Protein chains: 2
Amino acid sequence: MSKRPVSLKTLAQVLNVSISTVSRALRNHPDISPELTQRAQQLARELHYSPNPLAIGLLKNATRIIGVIVPALVTHFFASIISGIESVAIERGYYIVIRCSYESFEKEQECLANLLQLRVEGIIMCLSQETSTYAHFDPLLAADIPLVFFDRVCRPAEVPTVVVDNQAAACGITRHFAAQGRRRIAHIAGPPALNISQERVLGYREGLAAAGLLFDAQLLELSDLSADSATAATQRLLALPQPPDAIFGVNDTTAFAAMKEIKRQGRRIPADVALVGFTDEYHATVVEPMLTSVMHPTFEMGRTAALLFLEQATGPVPPRQVVLATQLVVRESSL
Amino acid sequence: MSKRPVSLKTLAQVLNVSISTVSRALRNHPDISPELTQRAQQLARELHYSPNPLAIGLLKNATRIIGVIVPALVTHFFASIISGIESVAIERGYYIVIRCSYESFEKEQECLANLLQLRVEGIIMCLSQETSTYAHFDPLLAADIPLVFFDRVCRPAEVPTVVVDNQAAACGITRHFAAQGRRRIAHIAGPPALNISQERVLGYREGLAAAGLLFDAQLLELSDLSADSATAATQRLLALPQPPDAIFGVNDTTAFAAMKEIKRQGRRIPADVALVGFTDEYHATVVEPMLTSVMHPTFEMGRTAALLFLEQATGPVPPRQVVLATQLVVRESSL
DNA sequence: TTTTTCTTCGCAAACCTTTGCGCAAAGGTT
DNA sequence: AACCTTTGCGCAAAGGTTTGCGAAGAAAAA
């Protein structure tokens with residue numbers, strides 16, 4: 001298509017020496033005379049020579065590309081994590097190729113296969129919401145291709161992961177509610193297959209116990225992390241004979257949807273129902289009332305995931321499980 | 001690092017034929033006997049052979065990678081556009097590599113050079129806020145590397161672009177305000193170098209004229225698209241002897257910041273000051289009052305940009321300028 | 001039988017880079 | 001004068017794929 005860029009061959013012809021000599025000259029090989037080295041580097045600059053990564057990749061069997069698979073792109077959470085991954089990738093001379101699974105197990109498999117075809121050097125990903133079997137990662141592990149999970153993880157014994165302290169955070173939220181005098185604390189949970197859902201439910205129950213409250217199955221609702229399902233869950237909760245006086249959403253999308261529904265029904269936040277989200281999207285501060293939420297170190301999470309990849313890429317080391325601390329940011333919605 | 005995957009060579013050795021024969025067999029070349037073709041394809045499946053894109057890329061001088069440069073990743077707007085680009089890229093067998101300029105002209109140049117080193121087949125990008133000279137695109141044009149701009153554009157005579165009807169939309173907002181009886185309509189504009197800022201200011205003035213209102217320079221404030229600068233601009237506007245009764249923000253970030261400041265000063269929206277944003281981020285519906293805004297077809301914008309790239313990639317055609325329609329979504333903040 | 005025509009495959013070059021090895025000329029040592 | 005070392009460079013292979021051309025063998029035509 002576009003004309004071929006200048007190669008070592010071009011330089012060699014101009015300098016009237018062999019290709020291998022030019023190659024050495026550019027890399028300051030001691031075998032090459034200072035004058036020729038000088039001339040070659042000078043010419044390379046003038047002609048804007050840059051080594052062809054495909055040729056090097058072919059030779060070294062390394063593309064310097066990291067594949068990244070996210071369930072969704074259009075969220076503060078994932079965009080910020082990608083941003084973190086990108087930042088360390090750049091520092092270390094890697095490129096990242098993004099693929100989106102759209103929360104679909106099937107698409108997740110497609111993305112995986114697709115990125116492997118590209119010969120990525122590793123994959124950093126977050127499981128889709130539908131993913132509940134994990135055999136599709138076998139080929140990666142068998143081929144020694146570094147794999148890193150973040151947030152939603154599996155097979156932690158084999159694959160390095162970076163997650164947040166979900167259970168502790170969820171416990172903290174529940175205890176925060178209890179400390180405000182709330183007694184009927186509800187939780188809108190996520191898909192049961194996901195570790196994040198499980199851990200947050202665990203933390204929720206731990207918090208209840210710590211506050212001396214009994215677990216009430218009616219107050220534990222399920223959602224698929226979407227606004228619609230969260231709205232439905234909220235409606236069911238509010239329709240209870242004894243509706244909750246506090247709701248803890250599994251993420252901020254859930255909490256925003258709950259907030260809308262609560263307000264739509266003319267109930268006051270936090271007077272009638274206190275509300276807390278999870279993830280701390282940027283807009284938590286712009287809604288009214290401002291949403292109490294669990295701040296995730298998203299950028300840091302991305303950076304850590306990338307560093308875990310680098311760790312695996314340099315030498316095969318045992319998989320590390322990094323747990324990042326979150327912080328409960330208390331705002332108007334839960335006071 | 002990781003072991004080399006199976007290549008044509010591997011297959012050739014097993015089948016006891018030459019590499020070129022296997023290559024032809026897999027591509028159903030008529031020169032190869034049906035039985036051998038059959039056997040080769042069978043074996044390729046069993047061994048999970050997939051052609052090495054580096055080798056093909058080297059041969060064809062094509063990486064099937066599109067470089068994408070955005071000023072920021074962590075926004076609904078850009079994430080959604082990237083999503084659109086990705087969707088058509090996948091359909092056409094391309095990969096996308098994302099780079100972020102962080103609104104910096106210097107970083108924009110770095111990203112550009114970096115992606116060119118990777119030998120991307122084209123670049124789809126949005127100008128950084130600081131970018132006001134455009135010579136750094138010369139090498140691309142000279143090398144016939146397809147380039148596409150979206151939203152913030154330049155050199156439209158040479159480079160295909162996809163934008164929204166900024167002036168018409170801005171005019172529409174202003175007239176909407178006027179129709180509600182507003183008389184002192186302010187605009188918080190963006191960096192003057194950007195086409196989007198210029199066009200929206202033009203539309204603003206066009207709308208004023210159409211409504212029979214005089215332009216008042218005091219009511220035209222500048223921002224750098226950040227929340228902080230928008231807050232400052234809002235403070236200046238509200239401190240005016242005759243403060244505005246309507247504010248039109250150059251984007252939703254600006255509008256959100258303005259909303260916070262207006263509320264902080266104890267003024268009512270829309271009673272005292274009506275407010276309209278631009279871009280319709282998802283959270284426009286969750287703030288209180290819900291924000292009137294201009295809905296952008298962001299996903300469509302990404303898709304269009306990718307299609308424009310494909311257009312350039314197949315054959316050099318004159319650059320097209322695509323203008324997408326927006327829609328003013330009227331909500332509580334301006335009624 | 002000899003020549004022509006298919007059929008079916010292999011050789012080699014090209015894309016670009018790196019690197020082990022070899023080789024020539026120049027200088028130095030005995 | 002004969003030998004050894006250094007200096008400075010080229011050859012060739014390797015990595016995986018595609019493709020024009022040549023070639024061997026078989027079948028068909030003369």
Side-chain angles (χ1 to χ4, degrees), chain A residues 1-41 43-44 47-65 93 116-121 143, chain B residues 1-41 43-44 47-65 93 116-121 143:
Chain A
M1 202 85 305
S2 53
K3 27 189 172 300
R4 291 200 173 262
V6 357
S7 67
L8 286 183
K9 192 178 186 177
T10 322
L11 303 183
Q13 283 166 349
V14 176
L15 293 169
N16 211 17
V17 295
S18 78
I19 292 178
S20 45
T21 301
V22 180
S23 172
R24 291 190 170 90
L26 295 186
R27 323 179 89 237
N28 289 309
H29 193 287
D31 268 9
I32 307 299
S33 70
E35 318 94 83
L36 183 55
T37 299
Q38 169 73 27
R39 281 202 300 142
Q41 298 189 350
L43 186 68
L47 268 47
H48 299 105
Y49 167 79
S50 85
N52 189 323
L54 281 77
I56 299 182
L58 194 55
L59 197 65
K60 301 258 176 78
N61 192 26
T63 52
R64 298 209 76 77
I65 295 180
L116 287 183
Q117 276 185 24
L118 182 61
R119 307 302 207 255
V120 294
E121 287 192 35
Chain B
M1 201 83 302
S2 54
K3 28 188 170 299
R4 290 200 175 261
V6 358
S7 67
L8 286 183
K9 193 177 187 177
T10 322
L11 303 183
Q13 283 167 349
V14 176
L15 293 170
N16 212 19
V17 295
S18 78
I19 292 178
S20 46
T21 300
V22 180
S23 171
R24 291 189 170 92
L26 295 185
R27 324 178 90 237
N28 289 309
H29 193 288
D31 268 10
I32 307 299
S33 71
E35 317 94 84
L36 183 55
T37 300
Q38 169 73 27
R39 281 201 301 144
Q41 298 189 350
L43 186 69
L47 268 48
H48 299 105
Y49 167 79
S50 84
N52 189 322
L54 282 79
I56 299 183
L58 194 55
L59 196 65
K60 301 258 177 77
N61 193 26
T63 51
R64 297 210 75 79
I65 296 179
L116 286 183
Q117 276 185 23
L118 182 60
R119 308 301 207 253
V120 295
E121 288 193 34

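Labels below follow one simple rule: chain letters A, B, ... track the order of the sequence lines, proteins then strands, and each chain is numbered from 1. Everything numeric in this text was worked out from a predicted model, so none of it was measured.
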Asks: Between Asp31(B) and Leu58(B), just flag the one whose closest nucleotide in DNA chain C comes earlier from the 5' side.
Replies: Asp31(B)

Asks: Does OP1 or OP2 of dT17(C) have a side-chain N or O of Tyr49(A) closer than 4.0 Å?
Replies: yes

Asks: Mind checking if Leu59(B) touches a base, just sugar-phosphate, or nothing, with heavy atoms under 4.0 Å?
Replies: base

Asks: Between the base of dC15(C) and the side chain of Asn61(B), is there any donor-acceptor pair under 3.5 Å?
Replies: no

Asks: Between Asn52(A) (CG) and dG16(D) (C1'), how many Å, whole number?
Replies: 14 Å

Asks: Using only atom types and a distance under 3.5 Å, with no angle test, would you say the side chain of Arg64(B) pairs donor to acceptor with the backbone of Gly93(B)?
Replies: yes

Asks: Under a 3.5 Å cut-off for both distances, is dT29(C) Watson-Crick or wobble paired, and to whom?
Replies: dA2(D)

Asks: Is the phosphate of dT18(D) approached by Arg24(B) (side-chain N or O, under 4.0 Å from OP1 or OP2)?
Replies: no

Asks: Would you kindly compare Ala55(A) and Arg27(A) by the position of their nearest DNA chain C nucleotide and give the one closer to the 5′ end?
Replies: Ala55(A)

Asks: Given the structure, check if the side chain of Ser7(A) and the base of dC15(C) hold any donor-acceptor pair shorter than 3.5 Å.
Replies: no

Asks: Shortest non-hydrogen contact from Leu26(A) to Ala44(A)?
Replies: CD2-CB, 3.9 Å

Asks: Rounded off to whole Å, could you give me the CZ-to-C1' distance for the Arg119(B) and dT17(C) pair?
Replies: 11 Å

Asks: Has Arg4(A) got a side-chain N or O lying under 4.0 Å from the OP1 or OP2 atom of dA14(C)?
Replies: no

Asks: Nearest-Å distance, CG (Leu47(B)) to P (dG16(D))?
Replies: 14 Å

Asks: Is there a side-chain contact between Thr10(B) and Arg4(B) (heavy atoms, below 4.5 Å)?
Replies: no

Asks: Search all heavy atoms of Leu11(A) against all heavy atoms of Leu47(A) and return the closest pair with its distance.
Replies: CD2-CD2, 3.9 Å

Asks: Measure NZ/Lys9(A) against P/dA14(C) and give the value in whole Å, please.
Replies: 6 Å

Asks: Has the side chain of Ser33(B) got a donor or acceptor that lies under 3.5 Å from a partner of the other kind on the base of dC9(C)?
Replies: no

Asks: Looking across every strand, which nucleic acid part, if any, lies under 4.0 Å from Leu54(B) by heavy atom: base, sugar-phosphate, or nothing?
Replies: nothing

Asks: Just do the side chain to side chain contact (heavy atoms under 4.5 Å, CB included) check on Arg39(A) and Leu43(A) with the steps written out, would you?
Replies: CA-CA 6 Å; Arg39(A) 281 202 300 142; Leu43(A) 186 68; over 6 Å; no

Asks: Does the structure show a Watson-Crick or G-U wobble partner for dA12(C), both distances under 3.5 Å? Name it, or say none.
Replies: dT19(D)

Asks: Using whole Å, report how far NE2 of His29(B) lies from P of dT17(D).
Replies: 17 Å

Asks: Please determine whether a side-chain nitrogen or oxygen atom of Ser23(B) lies at a distance below 4.0 Å from atom OP1 or OP2 of dT18(D).
Replies: yes

Asks: Once you round it to whole Å, what is the distance between P of dG10(C) and CG of Leu11(B)?
Replies: 13 Å

Asks: Quick one: which of dT17(D), dC11(D), dT18(D) gets closest to the side chain of Lys60(B)?
Replies: dT18(D)

Asks: Return no unless some side-chain N or O of Thr21(A) is found under 4.0 Å from OP1 or OP2 of dC9(D).
Replies: no

Asks: If you take all heavy atoms of Arg119(A) and Pro51(B), which pair is closest and at what distance?
Replies: NH1-O, 3.7 Å

Asks: Please state how far atom CZ in Arg39(B) lies from atom C1' in dT8(C), giving the value in whole angstrom units.
Replies: 13 Å

Asks: How do Pro51(B) and Ile19(A) order along DNA chain D: which one's closest nucleotide is nearer the 5' end?
Replies: Ile19(A)

Asks: What is the distance, rounded to the nearest whole Å, between atom CD1 of Ile32(A) and atom P of dT6(D)?
Replies: 18 Å

